[in-house]
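First comes the structure, then the notes that go with it.
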Amino acid sequence: MNEPLTQPLNFIKRIINDDRAVNKNDGRVVTRFPPEPNGYLHIGHAKSICLNFGLAVEYGGRCHLRFDDTNPSKEETEYIDSIMADVRWLGFDWGTHLYYASDYFEQLYDFAVRLIQAGKAYVCSLSAEEIRASRGTLTEPGQESPYRNRPLAENLDLFARMRAGEFPDGAHVLRAKIDMASGNLNMRDPVSYRIMHTAHHRTGDAWCIYPMYDFAHCLSDSIEGITHSICTLEFEDHRPLYDWILGELAVACHPQQIEFARLNLTYTVMSKRKLLQLVNNGHVRGWDDPRMPTISGLRRRGYTPEAIRDFCERIGVAKKDSMVDMALLEHCLREDLNRRAPRAMAVLRPLKMVIENYPADLVEEMEAVNNPENPAAGTRNVPFSRVLYIEQDDFMEEPPKKFYRLAPGREVRLRYGYLVTCVGVVRDEETGEVREVRCTYDPATRGGTTPDGRKVKATIHWVSAPHALEAEVRLYDALFSVENPGAAKDVDFQELLNPDSLTMLTGCRLEPALAEAVPGSFYQFERLGYFCVDAGDSRPGQPVFNRTVTLRDTWAKLQQKGPQE
RNA sequence: UGGGGCGUCGUCAAGCGGUAAGACACGGGUCUUUGGAUCCCGGAUUCGGAGGUUCGAAUCCUCCCGCCCCAGCCA
């Protein structure tokens, strides 16, 4: 019996279902995630990871992790480690199926020799510039290389000597012999091997010739028995070449390449090149800066793998170029964190409150709910005393309409505390600024209850001043101030950075239990947002918090819409 | 002017000839010891445009328009 499908099928699942219906590949599904180890993974890669590993899980197949390490000049071991850590953190497992294209260099070389023997490849001794010049243009065909009809034996000899290291970089390349007049530039005798006297991070100097992507990728897929080779749209033009190579070599396994649209997110950039620039130019503090769309950045920011996977599920898979609203990612995060994050009280911008009729030497332990969404999370005690800190934003001397929080003469609830009424303020003698608010409390309202049933418009959070933990809190906002920084044609994207993407706050006052918060753990600071303990800069007993995402704040929203009367 | 793709609500995205799902965002309301969460309700008379086929078209055909990718010895 088939279970009713909750999600409509995307076009890739449709293809797979059709394949299985005719028992293609004996009904197996084998996918692969093939990163090049030349940078850190980002949320766009997460989409691909969720897709490939997700299909394997769903169809009872497997997904390989394969490093596409065919260009030693830009690849590093550091990236391999981070990529594996990120894929695991996202919750996926490649089991024993960890591969490297470089593991196939010998086989790939043999395939190249076979192609030469079949008269389908030749050693071309034109320079890179000459090859470019003879490639033609988008509308004009290219010119055939004078080396195109080199005798077979000479090709074999030259190719062997290329491998043997007899020639300097650039002296020769191996080219597939296809069609210099093809409308598809990838088919105009593409380069398959180049000479590169560069040590490889895994094979050392065993090789001085390295295969190009088009040659290595399809054959690596074939060697691994991949059934569905899923990649992004820009490789659509390469599919004829993918199929040509596998066809000419008549390999037993000929995977099907399927292309989908890569992820674009508003207010950020997604190209490794641009992300690298942000890192190198010091616009962020590294690949794992909490403002980066990298997996490591999102992790440090406090995103959960669950939220990212949910997001990848919701955005769907299609072929249309698209730009997904960052608000959706944040929504997925809030939904996950709302369910799981323990609540705590924290005052980011402290304003002192003195409760005039509360005994100076009294400290009460007030019971607070850890997570109203999850009764099993229990309760905790929070100390309450005569002097507290409240949020500056929660008090206004002359409250505008629709501001329901504390103001002179007004009564509000201190969450889990008491109802208090503002009876005055103390000003700075110099500046006239409000230094503290003076209140009286109603002893009958302990815990924030109202035995007489009276209503107050607002409930605000607070922290007992003598018990507070002082801490640093970092507030993050969008990295860029425009929706699509990558689209700007005449402005460098780095000029579009949001100057307020990071706000460092010191002297924040947190409820004392937070001193024990462990790095990486997350909390909801009531009424403010979700925060996590920074995994890099926190010290025992002295956590640094990152704001992961704000809570919806309708007052803040009203303010943005325009000044209120 | 070459080749390859794509165009359904502000943003994603179902729909596959039988009369436009859903999500986010947005607006309104309910509720509330987080102005959070929850819960309701509202929205495309129409599917890039124009023709055509059909009893019937977002779905089929024709033409047109727009957007994206390709001229690395990068992936």
Side-chain angles (χ1 to χ4, degrees), chain A residues 7-10 14 34-36 38 68-71 73-75 124 126-128 131-133 135-142 169-175 181-188 190-196 209-210 212-214 216-217 231-240 259 261 266 272 314-332 334-335 338-339 343 345 368-369 372-373 402-405 413-417 419 445 447-450 456-461 483 524-529 550-558:
Chain A
Q7 285 283 102
L9 297 177
N10 62 49
R14 198 180 298 277
E36 181 188 13
N38 70 343
D68 227 332
D69 54 352
T70 57
N71 184 355
S73 69
K74 36 167 72 169
E75 295 156 7
C124 179
L126 254 24
S127 68
I131 287 181
R132 190 186 317 125
R135 187 155 24 228
T137 67
L138 293 179
T139 54
E140 302 160 45
D169 289 6
H172 309 281
V173 291
L174 183 72
R175 289 229 253 171
S182 173
N184 181 344
L185 302 236
N186 293 301
M187 300 298 269
R188 319 243 263 229
V191 172
S192 295
Y193 266 89
R194 75 285 215 186
I195 299 171
M196 210 185 264
I209 58 172
Y210 294 96
M212 297 285 289
Y213 164 84
D214 286 306
H217 200 89
C231 61
T232 43
L233 251 28
E234 69 270 27
F235 291 101
E236 246 165 349
D237 290 352
H238 294 243
R239 185 170 5 112
E259 312 85 9
T266 56
K272 278 197 247 182
R314 293 201 202 200
I315 56 178
V317 179
K319 299 195 70 153
K320 183 173 66 173
D321 285 310
S322 60
M323 171 73 69
V324 176
D325 196 334
M326 178 68 90
L328 179 59
L329 215 208
E330 295 186 338
H331 168 82
C332 294
R334 288 194 186 98
E335 201 166 78
N338 177 48
R339 216 175 48 235
R343 314 285 123 128
M345 289 202 283
V369 174
E373 308 293 324
K402 293 187 179 172
F403 180 90
Y404 301 130
R405 281 110 98 146
R413 171 185 294 111
L414 295 176
R415 173 147 240 228
Y416 303 126
L419 267 59
T445 60
T449 56
T450 50
V456 287
K457 291 287 264 183
T459 298
I460 66 175
H461 60 278
E483 276 204 358
Q524 183 199 94
F525 289 173
E526 297 220 17
R527 301 207 307 131
L528 297 176
T550 59
L551 237 28
R552 288 216 187 73
D553 181 341
T554 48
W555 167 245
K557 205 177 194 174
L558 280 174

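Predicted model only: the values in this text are computed from it and were never measured. Just so it is clear, the values below take in all heavy atoms, side chains as well, and ignore hydrogens, waters and symmetry mates. Residue numbering restarts at 1 for every chain, and letters A, B, ... go by the order of the sequence lines.
- Using a 4.0 Å heavy-atom distance criterion, A:T137 is classed as a base contact.
- When Watson-Crick and G-U wobble pairs are counted only if both distances are under 3.5 Å, B:G2 pairs with B:C70.
- Taking every side-chain heavy atom of A:R527 into account, B:U34 is the closest of B:A75, B:U34, B:A23.
- Panel note: side chain A:R343, backbone A:E526; no donor-acceptor pair is recorded below 3.5 Å.
- The nucleotide B:U62 finds its pairing partner in B:A50, both defining distances of the Watson-Crick or G-U wobble pair being shorter than 3.5 Å.
- Taking 4.0 angstrom as the limit, A:R194 places a side-chain polar atom (N or O) nearer than this to OP1 or OP2 of B:C74.
- Checking B:C69, B:U34, B:G2 against every side-chain atom of A:E234, the shortest atom distance belongs to B:C69.
- Counting any heavy atom pair closer than 4.0 Å across all strands shown, A:P372 reaches a base atom.
- With a 3.5 Å ceiling on both atom-pair distances, B:G43 lacks any Watson-Crick or G-U wobble partner.
- Here the separation of B:A57 from B:U19, taken at their P atoms, is 12 Å to the nearest Å.
- Side-chain N/O atoms of A:N184 and base N/O atoms of B:G4 include no donor-acceptor pair closer than 3.5 Å.
- Remark: A:R334 is not in phosphate contact with B:A37, judged by side-chain N or O atoms under 4.0 Å from OP1 or OP2.
- The same atom, P, is picked in B:A58 and in B:A21; the two are 13 Å apart, to the nearest Å.
- Between B:U32 and A:K457, no contact under 4.0 Å exists linking OP1 or OP2 to a side-chain N or O.
- Atom CZ of A:R188 is separated from atom P of B:C73 by 13 Å (rounded to the nearest Å).
- Listed nucleotides B:A75, B:A71, B:U33 differ in distance to A:L185; the shortest reach to its side chain belongs to B:A71.
- Heavy atoms of A:R239 sit nowhere under 4.0 angstrom from any nucleic acid atom.
- Nearest to the side-chain atoms of A:K319 among the listed nucleotides B:U34, B:A71, B:G5 stands B:G5.
- Spacing between atom CG of A:D237 and atom C1' of B:G2 amounts to 12 Å, rounded to whole angstrom units.
- Contact between the side-chain N/O atoms of A:K74 and the OP1/OP2 oxygens of B:A75 is not found at any separation under 4.0 Å.
- The residue A:Q524 sits close to a base: some heavy atom pair falls under 4.0 Å.
- The OG1 atom of A:T70 lies 10.0 Å from the NE2 atom of A:H217; values are rounded to the nearest 0.5 Å.
- The phosphate of B:A37 has OP1 or OP2 within less than 4.0 Å of a side-chain N or O from A:R552.
- Between B:C16 and B:U32, the distance separating the two C1' atoms is 46 Å to the nearest Å.
- Picking from B:A75, B:G2, B:U34 the nucleotide with the shortest atom distance to the side chain of A:L551 gives B:U34.
- Taking side-chain N and O atoms only, A:R14 has a distance below 4.0 Å to OP1 or OP2 of B:G15.
- Within the structure, every side-chain polar atom (N or O) of A:T450 is placed at least 4.0 Å from both OP1 and OP2 of B:U33.
- When the P atom is used for both B:A20 and B:U62, the distance is 26 Å, rounded to whole Å.
- Between atom CG of residue A:D325 and atom CD of residue A:E330 there is a gap of 8.5 Å, rounded to the nearest 0.5 Å.
- Applying the 3.5 Å distance criterion, the base of B:G5 shares no donor-acceptor pair with the side chain of A:D321.
- Neither OP1 nor OP2 of B:C74 sits under 4.0 Å from any side-chain N or O of A:K272.
- Residue A:D68 is classed as a sugar-phosphate contact, given heavy-atom separations below 4.0 Å to backbone atoms only.
- Across all strands, A:L138 comes closer than 4.0 Å to base atoms (heavy-atom distances).
- Among the atoms of the strands shown, none is found under 4.0 Å from any heavy atom of A:R339.
- Residue contacts shown for A:L528 are absent, as no nucleic acid heavy atom lies under 4.0 Å away.
- Between A:R135 and the phosphate of B:G72, there is a side-chain N or O to OP1/OP2 separation shorter than 4.0 Å.
- Ring geometry, A:Y213 versus A:H238: the interplanar angle exceeds 60°, so the pair is classed perpendicular (tilted spans 30 to 60°).
- Its glycosidic angle being more than 90° from 0, B:G51 falls on the anti side.
- Applying the 4.0 Å criterion to OP1 and OP2 of B:U34, one finds that A:H461 has every side-chain N and O outside that range.
- Contacts of A:T449 with the nucleic acid, taken as non-hydrogen atoms under 4.0 Å apart, include base atoms.
- If you check every strand for non-hydrogen atoms under 4.0 Å, A:M196 touches sugar and phosphate atoms only.
- At the heavy-atom level, A:V191 lies under 4.0 Å from the strands shown only through sugar-phosphate atoms.
- Closest to the side chain of A:M212, from the set B:U33, B:A25, B:G72, is B:G72.
- A:A458 comes within contact range of no nucleotide atom at all, as no heavy-atom separation falls under 4.0 Å.
- If you check every strand for non-hydrogen atoms under 4.0 Å, A:E373 touches a base.
- Going from the P atom of B:G28 to that of B:G43 covers 16 Å, rounded to whole Å.
- Side-chain proximity of A:A327 to the nucleotides B:C24, B:U33, B:C73 is greatest for B:C24.
- If you take atom C1' in B:G51 and the same atom in B:A13, they sit 29 Å apart, rounded to whole Å.
- B:C16: no Watson-Crick or G-U partner with both key distances under 3.5 Å is found in any strand.
- For B:G66 and B:C55, the C1' atoms lie 34 Å apart once the distance is rounded to whole Å.
- A:N338 comes within 4.0 angstrom of a nucleotide base, judged by non-hydrogen atoms across all strands.
- Nucleotides B:G17 and B:C61 are separated by 12 Å at their P atoms, to the nearest Å.
- Comparing B:C6, B:G36, B:A23 by their nearest atom to the side chain of A:R343 picks out B:G36.
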